[in-house]
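Reviewing the structure listed below.
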Amino acid sequence: MEYWLEILPPIAQGFKTSLTVYLLTMALALPLGLVLGLLADMVKPARPIIGVFTWIIRGTPLLLQLYVTMYAIPLLIPMRMDRFFAGTLTFVINYAAYFAEIFRSGLAIIPLGQWQAGQVLGLKKHEIIFNIILPQMFRNTLLPLINEAITLVKDTSLLAAIAIGEMLRNAKEIVGKDLRVDALVIAGIFYLLFSFMVVSVGKRLEKTYLKQM
Amino acid sequence: MLKLQNITYAYDQEPILKGVGFEVNEGEILGILGLSGSGKTTLLKIISGLLVPDEGEYLIENQPAFIKQKKSDKVVSELGVVFQQFNLFPHLTVLDNLVMPLRLRTKQPKSECIATAVELLDVLGLKDQIAKFPYQCSGGQQQRIAIARALVLNPKILLIDEPTSSLDKENTKKVEELLKSLHGRGLTLIIITHDLPFAQAMCQRVIELSEGKVVYDGLAASYFNA
């Protein structure tokens with residue numbers, strides 16, 4: 001117990017970093033993904049551009065993308081890349097691509113009749129989008145979004161690859177130093193609690209928004 | 001009240017409507033009949049402003065229904081549309097299906113919109129359903145909700161597509177009675193249907209479409225007795 005209390009602060013510090021990247025990614029990637037999803041669905045010329053973007057991002061490993069942002073970009077454009085910024089930026093772009101596809105599919109399954117009903121009621125385009133289309137799209141996409149939110153919890157461990165002091169990296173360092181696995185157990189507990197919180201929020205959202213299905 | 005002259009429309013070069021023309025007079029019940037593929041649905045979309053005709057003239061109260069390829073406000077204010085699939089908003093309660101468009105269109109306070117919607121739902125026998133979502137209602141109830149939503153904006157003409165297609169005998173009778181009572185309150189009805197017994201029971205005048213052309217326009221009694 002004494003040992004656990006001793007190693008807890010660096011792991012908690014790492015958790016704080018993971019949580020910060022997690023929250024920033026969700027806060028930025030969701031609106032960016034929404035804009036991309038809407039553009040892909042509603043603006044024909046934007047479709048191929050967004051299609052190539054999502055193909056590249058979804059078709060390459062997140063780890064590779066982290067390396068590119070952290071090490072390849074500063075080689076191409078001489079600059080000093082901040083590790084935390086590089087990690088967060090990569091996560092935001094990666095998750096925005098996934099969210100865009102989820103939102104696009106959520107829009108695609110809304111029947112044309114919903115648009116037409118709004119049109120014959122004399123609603124303006126933005127009124128139809130905000131009052132009819134988007135609420136249904138969120139309902140259609142809630143479950144895959146919750147899945148992505150859970151995946152992101154675990155993906156934050158990849159930040160270790162660009163030497164960001166996130167939770168798993170700190171735990172690994174403690175294991176290497178003390179030759180004891182306790183730090184990995186604590187990190188595992190943190191991850192489980194973290195994803196439990198995300199699942200709980202997801203369940204609450206499901207209960208609220210999917211009751212009309 | 002509503003006048004269409006020489007309306008043509010083609011999908012991908014394939015002509016669907018070939019010079020359709022007729023008038024709808026105030027207070028009448030007009031049936032638009034025809035087999036599948038005769039152009040009924042395209043005509044419904046043009047009348048309701050969802051499609052702009054390639055050629056021809058469409059007037060509502062002697063004013064053009066389309067101005068610069070866009071439907072005029074007249075189309076929206078004069079016409080209420082009930083789709084075959086109802087197209088109710090599944091994420092909103094029955095009450096909100098009426099309140100949302102009413103609020104956005106009229107900018108009235110929410111309490112006033114709710115009062116108007118509740119009153120109308122009561123008239124249509126739906127007061128017990130107001131807190132439900134559309135999926136919790138029967139087919140017949142969903143259709144009445146769709147009619148209520150179309151009427152909440154107080155149109156002069158109700159355009160209703162295949163009102164009996166998903167209803168059993170009992171509900172068909174109910175819809176018939178409801179539409180007749182709405183007509184009795186001064187509403188002009190345009191009913192698009194391939195249900196001939198229903199059209200016979202409801203309509204005063206019928207138009208038959210065949211291969212995109214009007215092949216009959218006259219009294220329903222003459223049409224059904226021919």
Side-chain angles (χ1 to χ4, degrees), chain A residues 30 33-34 37-38 41-45 47 99 102-146 201-213, chain B residues 41 44-52 70-94 96-107 131-137 142 145-146 148-155 157-161:
Chain A
L30 274 171
L34 176 60
L38 283 171
D41 188 74
M42 293 173 187
V43 184
K44 227 176 174 183
R47 254 174 238 172
F99 290 150
I102 290 171
F103 287 133
R104 196 185 59 79
S105 64
L107 287 167
I109 58 170
I110 297 173
L112 181 64
Q114 292 293 304
W115 266 102
Q116 292 176 338
Q119 283 177 300
V120 299
L121 287 163
L123 305 187
K124 296 184 178 79
K125 199 171 180 179
H126 71 273
E127 291 173 334
I128 297 175
I129 290 174
F130 284 105
N131 294 282
I132 301 170
I133 303 302
L134 287 186
Q136 291 187 51
M137 184 206 67
F138 281 118
R139 198 189 65 171
N140 294 343
T141 56
L142 192 55
L143 294 177
L145 286 178
I146 292 167
V201 172
K203 284 217 165 115
R204 182 165 283 195
L205 288 171
E206 269 180 53
K207 224 174 173 181
T208 312
Y209 293 104
L210 299 189
K211 67 181 176 186
Q212 65 266 49
M213 281 181 91
Chain B
T41 305
L44 167 120
K45 287 182 180 170
I46 288 173
I47 296 174
S48 58
L50 291 171
L51 285 179
V52 184
K70 280 195 170 177
K71 71 175 173 194
S72 71
D73 290 343
K74 207 79 181 150
V75 178
V76 171
S77 61
E78 301 284 302
L79 269 170
V81 182
V82 180
F83 295 96
Q84 185 179 355
Q85 308 297 334
F86 315 138
N87 297 347
L88 295 170
F89 305 129
H91 61 295
L92 299 178
T93 62
V94 170
D96 285 339
N97 261 272
L98 276 68
V99 171
M100 184 269 283
L102 190 59
R103 274 192 80 188
L104 291 171
R105 284 288 310 285
T106 63
K107 313 288 180 207
K132 289 183 181 170
F133 286 96
Y135 84 97
Q136 294 170 311
C137 302
Q142 287 186 30
I145 299 161
R149 189 179 64 181
L151 294 179
V152 80
L153 293 164
N154 215 10
I157 306 166
L158 185 68
L159 175 61
I160 181 162
D161 188 20

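Just so it is clear, the values below take in all heavy atoms, side chains as well, and ignore hydrogens, waters and symmetry mates. Here is how names work: the chains are called A, B, and so on, in the same order as the sequence lines, proteins then strands, and each is numbered from 1.
Nearest heavy atom pair, residue B:A150 against residue B:L158, reads CB-CD1, 3.7 Å. What you find for B:H91 and A:I132 is that their closest heavy atoms are CE1-O, 3.7 Å. Here the closest non-hydrogen pair linking B:P90 and A:R139 is CB-NH1, 3.7 Å.
Using a 4.5 Å heavy-atom cut-off against chain B, the contacting residues of residues 104-114 of chain A are A:G113, A:Q114. Within residues 81-89 of chain B, the residues having any heavy atom under 4.5 Å from a heavy atom of chain A are, by residue number, B:V81, B:F83, B:N87, B:L88, B:F89.
Proximity to chain A is limited to the side chain of B:L153, based on heavy atoms less than 4.5 angstrom apart.
Here the rule is side chain to side chain contact (heavy atoms under 4.5 Å, CB included) with A:L38, and of A:L134, A:V43, A:I133 only A:L134 fits it.
The closest side-chain heavy-atom distance from A:Q119 to B:K71 is below 4.5 Å. Side-chain contact between B:I145 and B:C137 is present, with heavy atoms from C-beta onward closer than 4.5 Å.
Comment: A:E127 engages B:K107 in a salt bridge, judged by a side-chain N to carboxylate O separation of less than 4.0 angstrom.
Contacts classified as ring pair (Phe, Tyr, Trp, His ring centres under 6.0 Å) and involving residues 108-140 of chain A (residues at least two apart or in different chains) are given here: A:F103-A:F138.
Between the CD1 atom in B:I157 and the CD1 atom in B:I47 there is a gap of 9.0 Å [rounded to 0.5 Å].
In this structure, B:K45 has no salt bridge (Lys or Arg N to Asp or Glu O under 4.0 Å) partners at least two apart in sequence or on a different chain.
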